[in-house]
Amino acid sequence: MRQLRFLQAMNEAYRQVMAQDESVMILGEDIRGGIRGETKGLHAAYGDDRVLDTPISEAAFTGFATGAALAGLRPIVQFQVPSLIYVAFDQLVNQAAKMRLMLGGQADLPVTYTIMVSGTRGGNAGQHSDNPYPYLVHAGFKVVCPSTAYDAKGLMIQAIREQDPVVFIASAMSLPQKGEVPEDIYTVPLGKGQVRRPGTDVTVVAVGHLVPEALAVADSLFEKRGISVEVWDPRTLLPFDRDGLLESVRKTGRVVIYDDTNRSCGYASEISAILGEHAFSYLVAPIKRITRADIPLPYNPDLEAAVLPSPKQLEQAICSAWSYSKS
Amino acid sequence: MSNILPPQMARKMYADMLRIRQFDTKVVELVDDDLIPGSCHEYCGQEAVAVGVCSALTDKDILTSTHRGHGHTLAKGGDVGKMFAELFGRSAGYNKGRGGSMHIADVSLGIFGANGIVGAGAPIACGAAHKFKAAGEPHVAVSFFGDGAINQGVVHEAMNLAAIWRLPVIFVCENNLYAMTTPLREVTILELHERAQSYGMASIKVDGMDVGAVFDAALSAVERARSGGGPSFLQCDTYRYFGHYSGERHMKTTYRTQQEIDEWKKRDPLDLWAERLIRGSICSAQDIERMKREVDDEIAQGVEYARGCPTPSPQDALEYMYAVNYPYTPAKGAEQ
């Protein structure tokens, strides 16, 4: 089958949905220029009214999408750097996320927010390197975090078609991913995780760009020590596929969560709590979390590496979970 | 008085202002009686602004409102009974008891909601206006906000968006002189409408106690917007009688004097308009009295209706968060 990169898969999703549904529009900073490629060709195909380059006014263009949605459109708002959402936080958290409930269901808000280059690309320091999804899950947004080009297209199309606000996390380190992507329009459902590598000894929950790293660690541990690691990719963070995860953990009884958000109240904290509540009886080892440390990302590459979750830490955690014994 | 106003419309504008006055006067009582949880920000004193602007609109036009939103909602055609039901938190209320005073809305009437965050409605109005413009529909969006909002960044961002894209938006700044208890002059220099001029839009100041003057200004702005002329800004100078919110009159606030309040009340928008209706032989004094009785009845019936409405079931507390729910989403606070 044809191979596409993650960004090309996003671009195809945008193009196909916009061709199919005239109410879909996209706005944000430098959309027309589309230097990374995910919005390439959209303006030429769909024109000024549906492809808008905005001024640097994150709060206003986010609120603009809310109003457009209330009036019947289906906007995609693209944030070019993850931390830009903080500038728009009132419009996201206080307006869009709460709007439907506050209105008593009078209107739906079918808005998609694309968060580009989420996480670190290396050397972008404190304000360009966050993975802001815990905030967004907390606010009640549906959040998807694809790890493959196939999921990028399928989850993007599903996100745009949802009747609720959905955040699409385009992890910086996932953008070079290349994989098989069907040419037809298709969707990946929300709330369905996927076993990326079956195993029987330890479950690794890996989020977004950490999935390929976890797969590499799992392969090498199997070769080196014969440990059979199951790598499970939640794919969507809210709704979260609790049943899918429990099925894996029921089998292995040992879990390591590998997630690039802060340790305190990060996404791994929530998964850990879910397992504590629902998997207690079949866990045979303490839950391990490998996460980002609780500080802004430092600039220096060595310091950055010291703060990020690493394959080495993951390997140690898997071994420790695997060898743990109560007696 | 406006020269272009048919008598029937002039009378309706009085009745509309009266409805707002009586509604929010009743609200103050009901807050004191604990029938309304929380507090409300009463619109009394500012009626000419909401009615003057909304009289220039159709059902297809939309508005975004403020924390002081009962006036805008009523002026755009909101139903008194459903509004009281919402303020009482009942399931027959506009927002099914989920929004209350600060989020009251009727999306079907183009009322996109009161808002608890100052200035937050401005970009939302722009988004709706874009839809109208892109679809070639002749409708407009009105964004109401107060003098306090003129120092909120998102309002300026929104004015810029409306200006660069020539959106059919009317920014209506209700200058009631205070942001809570902070006087306008301590936080803002120049006239409010002068700020909008820097975005290249038509921008004027009108007497916000004179419903005819507000209507004339709003109508020009609406016509400009409908014909592709882009956004406008109206500064309406007005005054709020009850202060920032219901509770204020039980407090010993000193930020404004009784003399100042009395001076503004001498130019009460309802009295001014009634006088002109009578002087212009559009209404008799008896007509005015009759309208007052009719509106009193409407308010009493609305309260009665709302009192009789059932409250939502706590079992349904998580309803309306999403159009489409998923397993365990939204999560409950305790496992069941």
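Proteins come first, then strands; the chains are lettered A, B, ... in the order of their sequence lines, and each starts at number 1.
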State, with a plain yes or no, whether a side-chain heavy atom of P123(B) is found less than 4.5 Å away from one of Q91(A). yes
- Item | Ring-face cation contact, Y320(B) with R100(A), 6.0 Å cut, 45° max |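 Not satisfied by the 6.0 Å and 45° rule.
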Given that the side chain runs from C-beta out, which part of [X] has a heavy atom under 4.5 Å from chain A: side chain, backbone, both or neither?
X	answer
N115(B)	side chain
E86(B)	neither
L161(B)	side chain
I164(B)	side chain
L167(B)	side chain
A125(B)	neither

Contact class of [X] relative to chain B, heavy atoms under 4.5 angstrom:
X	value
L190(A)	both
A59(A)	both
L70(A)	both

dist K142(A):NZ -> T329(B):OG1 (nearest 0.5 Å) comes out at 8.5 Å
Rounding to 0.5 Å, atoms CG (L103(A)) and CZ (R98(B)) come to a distance of 12.0 Å
Is there a donor-acceptor contact under 3.5 Å linking the side chains of Y328(B) and D243(A)? yes
